[in-house]
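As structure tokens, the structure follows; a few thoughts come after it.
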Amino acid sequence: MNTTTLTVRLAGSEDTEDILRIYNQGIGDRIATLETGLKDSAYMKNWFEEHQGRYSVMVAEQEGAVIGWASLKPYSHRCAYSGVADLSIYIERGFRGKGVGSVLLESLEAAAQANAFHKIVLFTFPFNHGGQGLYRKRGYREVGVLEKQGVMDGAFIDVMVMEKLL
Ligand SMILES: CC(C)(COP(=O)(O)OP(=O)(O)OC[C@H]1O[C@@H](n2cnc3c(N)ncnc32)[C@H](O)[C@@H]1OP(=O)(O)O)[C@@H](O)C(=O)NCCC(=O)NCCS
């Protein structure tokens, strides 16, 4: 795929249905999140309202179609951690592994810096090789693995913590 034709921009409320579709693909794939129930429009509208100000949501567009999104949320509500953001990123199934995530994450990191974050942290699964490929390529380091941190479909799941100083 030619990533020079990608447009990355801040998301607007008109993008929430596309964000929802792509998020639900990630939930269904059981590779990206401990969430197992598919989300609906009301959930996404509320989610979008919580991602305003410094907590950017960006979308990647190809020929007018949204094919990926990435967002920042607070790592913690304690003010000592106000410079740390927690990353989420999801690419439409048919467009994964084609460089979209790399372009999107680069833009989101620039937005994070512009919004006075000094660090991005993320929580991923040790078996999410696509995610780790992207994060390592963008300079994230593995902090460690939290064993049996979550439960998904009745089974314990390890969660890997990664971080990047901006
Ligand atoms: C994880 C995800 C966001 C990565 O985005 P992407 O657009 O697929 O990533 P890119 O194509 O930019 O790949 C970045 C690097 O990761 C590596 N990579 C990509 N897919 C990979 C795979 N399936 N296995 C191993 N490495 C992979 C490559 O080394 C690539 O670097 P390259 O440019 O040298 O080829 C995307 O695959 C996705 O949405 N997956 C489902 C949701 C998800 O897992 N989100 C993250 C939750 S923590």
Side-chain angles (χ1 to χ4, degrees), residues 1-11 15-39 43-44 47-48 50-51 55-76 84-112 117 119-153 155-164 166:
M1 191 180 131
N2 182 0
T3 53
T4 59
T5 59
L6 271 183
T7 306
V8 176
R9 59 170 174 78
L10 280 175
D15 296 311
T16 51
E17 287 302 314
D18 288 319
I19 291 170
L20 174 65
R21 184 189 71 255
I22 296 167
Y23 185 36
N24 277 337
Q25 290 176 1
I27 293 172
D29 293 338
R30 298 290 197 268
I31 199 171
T33 171
L34 288 166
E35 296 287 331
T36 51
L38 297 183
K39 304 303 180 194
Y43 171 93
M44 217 68 234
W47 176 92
F48 188 73
E50 288 172 353
H51 286 76
Y55 296 98
S56 313
V57 183
M58 301 190 89
V59 291
E61 255 183 342
Q62 172 91 338
E63 294 172 359
V66 172
I67 57 170
W69 62 269
S71 68
L72 299 174
K73 70 170 187 257
Y75 165 72
S76 163
V84 183
D86 180 339
L87 169 74
S88 295
I89 181 164
Y90 290 79
I91 307 301
E92 176 107 39
R93 271 189 198 127
F95 289 91
R96 294 177 192 161
K98 299 175 191 295
V100 179
S102 301
V103 174
L104 191 48
L105 185 51
E106 186 176 4
S107 297
L108 191 72
E109 287 169 5
F117 290 106
K119 180 159 102 166
I120 291 178
V121 296
L122 64 91
F123 300 86
T124 186
F125 299 141
F127 52 84
N128 187 344
H129 302 297
Q132 278 163 55
L134 168 66
Y135 305 137
R136 290 184 200 282
K137 177 182 170 186
R138 292 289 317 151
Y140 290 72
R141 81 171 181 101
E142 179 183 333
V143 176
V145 174
L146 301 162
E147 292 182 9
K148 297 185 176 178
Q149 175 73 359
V151 174
M152 186 160 60
D153 298 328
F156 279 124
I157 295 274
D158 294 349
V159 173
M160 182 186 287
V161 185
M162 300 184 82
E163 69 173 6
K164 179 176 179 177
L166 299 172

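We count ligands from 1, going down the list as the structure has it; atoms in each ligand are counted the same way. Atoms considered below: every heavy atom in the structure, side chains included; atoms not considered: hydrogens, waters and symmetry mates.
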Under 3.5 Å, side chain of D18 to main-chain N/O of I67, donor-acceptor pair present? no

Applying a 4.0 Å heavy-atom criterion (strictly less than), which segment of R96 is in contact with ligand 1: side chain, backbone, both, or neither? both

Check: Q62/T5 side-chain N/O donor and acceptor closer than 3.5 Å: yes

Could an N or O of ligand 1 be found under 3.5 Å from any N or O of A32, whether backbone or side chain? no

Please report the closest heavy-atom contact between A11 and I19, naming both atoms and the distance. CB-CD1, 4.2 Å

Using a distance threshold of 4.0 Å (strictly less than), state whether atom 5 (O) of ligand 1 has a protein heavy-atom neighbour. yes

Close-contact set for ligand 1 against G133 heavy atoms, below 4.0 Å: 15 (C), 16 (O), 17 (C)

Would you mind telling me which of W47, F48, F95 makes a ring-ring contact (aromatic ring centres under 6.0 Å, His included) with W69? W47

Counting N and O atoms only, with roles assigned by atom type, does the side chain of K164 sit under 3.5 Å from a partner on the main chain of R138, one being a donor and the other an acceptor? yes

Using a 4.0 Å cutoff against the non-hydrogen atoms of Y90, which atoms of ligand 1 qualify? 39 (O), 42 (C)

G99 neighbourhood, listing ligand 1 atoms whose heavy-atom distance to it stays under 4.0 Å: 10 (P), 11 (O), 12 (O)

Any protein heavy atom at under 4.0 Å, with atom 35 (O) of ligand 1 as the reference point? no

Show which atoms of ligand 1 fall inside a sub-4.0 Å distance from at least one heavy-atom site of G97. 6 (P), 7 (O), 8 (O), 11 (O)

Applying a heavy-atom cut-off of 4.0 Å, say which part of K98 lies close to ligand 1: side chain, backbone, both or neither. backbone

With heavy atoms only and a cut-off of under 4.0 Å, state how V103 meets ligand 1: side chain, backbone, both or neither. neither

Tell me whether I91 has any N or O atom under 3.5 angstrom from an N or O of ligand 1. yes

For ligand 1, which atoms, with element, lie under 4.0 Å from some heavy atom of G131? 1 (C)

Criterion side chain to side chain contact (heavy atoms under 4.5 Å, CB included) against V103, the qualifying member of V8, T4, T7: V8

Taking OH in Y75 as the centre, count heavy atoms belonging to other residues, nucleotides or ligands within less than 6.0 Å. Is the count above 12? no

Tell me, yes or no, whether the heavy-atom count around E106 atom CD, taken from other residues, nucleotides or ligands under 6.0 Å, exceeds 12. no

Y135 and ligand 1 - part of the residue with a heavy-atom distance under 4.0 Å: side chain

Could you check whether the rings of Y90 and Y23 sit parallel, tilted or perpendicular, using 30° and 60° as the cut-offs? perpendicular

Can you find an N/O atom of F123 closer than 3.5 Å to an N/O atom of ligand 1? no

Counting only heavy atoms, tell me which of I89, V159, I31, D29 gets closest to atom 46 (C) of ligand 1. I89

Among G101, S102, S88, whose heavy atom sits nearest atom 13 (O) of ligand 1? S102

Would you say Q149's side chain and V159's backbone share a donor-acceptor pair under 3.5 angstrom? no

Need the ligand 1 atom indices (1-based, order shown) with element for anything under 4.0 Å from a heavy-atom of T124. 48 (S)

